Number of protein chains: 2
Amino acid sequence: MARNAQRSTPVIKDVAKLAGVSAPTVSRYLNGTANVNEEKRKRIAQAIKLLGYKPSIVARALANKEMDSVMVFATNSGTFSTNMTNIGVERGAQSKNYLFGVTTLSEHHIDDVQQMVQMALGSNPAGVIVYEYDHAGAEALRYIPDGMPLVIVGGNAGEGPYQVINSEREGGREMTKYLLGHGHKTVYHVARAEGPSSNTRTNGWRDALTEAGAPIPEILRVSAADLQEAVEAGRALGRRDDVTAVFAGNDETAIAVINGLREEGRSVPEDVSVVGFDDRQFAPLWKPALTSYRQNFNEMGERAFAMLYEQIQAKRAGEEPPQSRLETVQGRMIVRDSAQ
Amino acid sequence: MARNAQRSTPVIKDVAKLAGVSAPTVSRYLNGTANVNEEKRKRIAQAIKLLGYKPSIVARALANKEMDSVMVFATNSGTFSTNMTNIGVERGAQSKNYLFGVTTLSEHHIDDVQQMVQMALGSNPAGVIVYEYDHAGAEALRYIPDGMPLVIVGGNAGEGPYQVINSEREGGREMTKYLLGHGHKTVYHVARAEGPSSNTRTNGWRDALTEAGAPIPEILRVSAADLQEAVEAGRALGRRDDVTAVFAGNDETAIAVINGLREEGRSVPEDVSVVGFDDRQFAPLWKPALTSYRQNFNEMGERAFAMLYEQIQAKRAGEEPPQSRLETVQGRMIVRDSAQ
DNA sequence: CTGAAAGCGCTTACAG
DNA sequence: CTGAAAGCGCTTACAG
């Protein structure tokens with residue numbers, strides 16, 4: 001029985017035996033951690049192919065105290081951007097044969113963050129990426145041990161040595177300036193909850209107003225879950241004839257605001273200009289087609305992984321960590337018909 | 001130096017020493033794999049708390065040949081549903097302290113599926129969930145070894161012993177019947193690419209037409225990425241005055257079709273009734289508010305994890321696998337104004 | 001009920 | 001350049 005026992009999956013010892021070398025030699029061949037005789041290389045390569053051998057990521061993780069994986073810590077706010085960013089990170093991970101895991105933190109359960117982070121770290125990921133768009137993200141950062149490869153996505157510029165941010169604040173500024181440029185005295189803002197970062201569309205809106213010396217109206221806060229609140233905000237705005245331009249926190253909010261405005265008899269963009277943010281798929285189809293701001297979250301994710309990978313490689317090679325870096329993924333305004 | 005060496009993280013041996021027992025006893029305490037003397041239990045519990053000990057998920061994975069993790073295999077089609085389902089699975093995983101990983105397969109790179117699945121399996125997940133909405137998902141199934149806990153999400157009923165499907169076909173049927181019930185002679189259908197499953201909204205549409213003895217018009221196929229194709233489909237439909245009812249493959253497609261219809265001078269719902277699918281956040285805000293069909297993907301994910309977890313537990317306990325099961329997560333039609 | 005031993009599949013000093 | 005040994009942190013027979 002023993003002699004016929006077919007291992008379901010070959011292990012390094014099998015490769016070694018077939019190639020007539022020791023396991024450590026196979027390991028060294030695999031990891032390039034030492035030179036291996038040319039002829040043996042060939043035999044090993046052959047044995048690997050023959051057996052269809054794949055190193056056990058788990059055993060490596062135990063020996064190395066590090067798994068070939070990335071863990072992203074995201075929060076449940078902003079599913080669209082989170083999801084798009086995840087896809088970018090995963091794409092990068094796949095290209096390097098890294099496992100991709102995500103643990104979602106809840107903004108409403110800040111007390112659980114520490115435990116969740118520690119649990120996720122229990123799998124010894126080679127590096128982590130944390131999305132710092134809100135407090136849960138910021139909290140997670142506290143529990144990432146020093147020396148662990150880390151890149152922050154979002155947050156304030158300069159928050160971590162390795163960071164990729166978007167041009168959200170600049171986007172808010174640009175949209176607002178655009179509106180101001182069309183002669184509006186000021187621009188109203190309907191926003192969803194903001195995170196701790198200062199790189200927000202809302203701050204961009206304020207920047208533009210300040211620069212132009214325009215009055216800064218009070219912000220109308222609405223819930224992300226219940227668009228009806230944004231409709232109400234639109235109605236409130238519609239009742240005041242001094243409002244002629246509105247910067248909505250995102251495209252869903254924009255269409256809700258437009259509906260509210262119309263309920264009060266205002267037309268868009270004739271009476272009131274409205275712009276959104278995110279450029280969702282429906283934006284060009286809306287009537288009027290939404291002027292919005294498009295960000296490239298996929299690219300943010302890909303860049304974040306690339307940045308992380310560099311750190312991991314350097315660490316493994318015992319080299320100095322790469323130079324700290326802040327990358328900004330540029331978005332752009334998409335001009336359509338909802339503002340004039 | 002040695003005596004002062006502070007382990008960054010305590011291991012089982014540390015707990016054992018502090019509690020005055022052996023490591024296996026701690027292990028048995030932790031896993032409930034044998035009874036442990038009451039007094040020792042207390043000492044162990046105390047030591048664990050004192051040290052803040054967390055078992056290494058990696059070491060356990062190596063010893064058990066199984067990691068406390070779920071791996072989901074998803075495809076890049078249908079980001080909305082995939083993302084929502086993932087959230088449900090992850091929620092379940094978190095509740096059981098399981099790691100959650102996802103590997104996204106590409107419908108356009110079927111040849112890579114085997115390799116990607118095998119790589120992901122290299123982490124020895126305790127179980128896998130595959131979303132079988134298209135060919136890549138079906139292909140992935142081929143490489144999941146027998147005996148590995150598995151649940152299929154989507155696909156045809158009965159495809160696997162453990163499966164959770166949605167009521168998509170029934171939804172298509174219901175929407176179509178609804179339209180037929182309003183006196184339309186038949187219902188046109190604008191659809192995006194279909195997967196290999198028969199549980200599709202398109203089949204539901206066909207079912208309803210067949211049952212009613214209504215003519216079955218040719219399907220207008222459009223791309224998911226380029227909504228402009230759906231606008232064109234709407235225009236094509238608008239040019240024929242025999243079309244009075246359209247079942248669009250999803251909400252984005254519905255608004256695109258409505259736009260196309262209007263470009264040809266048809267009004268909705270007066271001249272033509274249009275219904276969507278998915279009930280996206282913007283659906284109630286569209287003019288006219290979209291009649292649509294809402295599915296609960298979060299719940300599908302949660303149920304899938306629960307079903308998987310049962311299998312895992314049974315397997316670990318050496319019990320018979322749970323009875324095979326097919327669960328359907330029911331969706332429902334949301335009647336609004338776009339059809340009459 | 002519980003400990004000593006062996007093993008999971010790798011990697012990394014240590015010799016040579 | 002390469003092998004024997006030891007170790008990563010657990011778990012599971014095997015004895016008692």
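Within every chain, numbering begins at 1; the chains are lettered A, B, ... in the order of the sequence lines, protein sequences first and strands thereafter. Basis for what follows: all heavy atoms, side chains included, without hydrogens, waters or symmetry-related copies. Quantities reported herein were computed from a predicted structural model and do not represent experimental measurements.
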Could you run down the sub-3.5 Å N/O contacts of the protein with nucleotides 12-16 of chain D?
unit_1	atom_1	unit_2	atom_2	d
D:dA13	N6	B:Arg28	NH1	3.3

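Contact annotation for B:Lys13: no contact, since no heavy-atom pair falls under 4.0 Å across all strands.
Within a 6.0 Å sphere centred on CD of A:Glu319, other residues, nucleotides and ligands contribute more than 12 heavy atoms.
If you check residues 51-60 of chain B against DNA chain D, the residues with a heavy atom closer than 4.0 Å are B:Tyr53, B:Lys54, B:Pro55, B:Ser56, B:Ala59, B:Arg60, listed by number.
Ring centroids of B:Tyr309 and B:Tyr98 are separated by less than 6.0 Å, placing the two rings close together.
Taking only side-chain nitrogens and oxygens, B:Asn35 comes nearer than 4.0 Å to OP1 or OP2 of C:dC1. For C:dT11, the OP1/OP2 oxygens have no side-chain nitrogen or oxygen of A:Lys65 closer than 4.0 Å. Distances shorter than 4.0 Å separate some side-chain N or O of A:Lys40 from OP1 or OP2 on D:dT2.
The nearest pair of heavy atoms linking B:Val329 to B:Asn296 is CG1-O, 3.7 Å.
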Notebook entry, point to check: Where does DNA chain D pair, written as one dot-bracket string 5' to 3', with Watson-Crick or G-U pairs under 3.5 Å, ( ) inside the strand, [ ] for crossing pairs and | for another strand?
Noted result: |||.||||||||.|||
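Using modelled atom types, one finds a donor on one side chain and an acceptor on the other under 3.5 Å when comparing B:Thr104 with A:Glu90. A:Thr82 and A:Thr85 share no donor-acceptor pair across their side chains, judged by distance under 3.5 Å alone.
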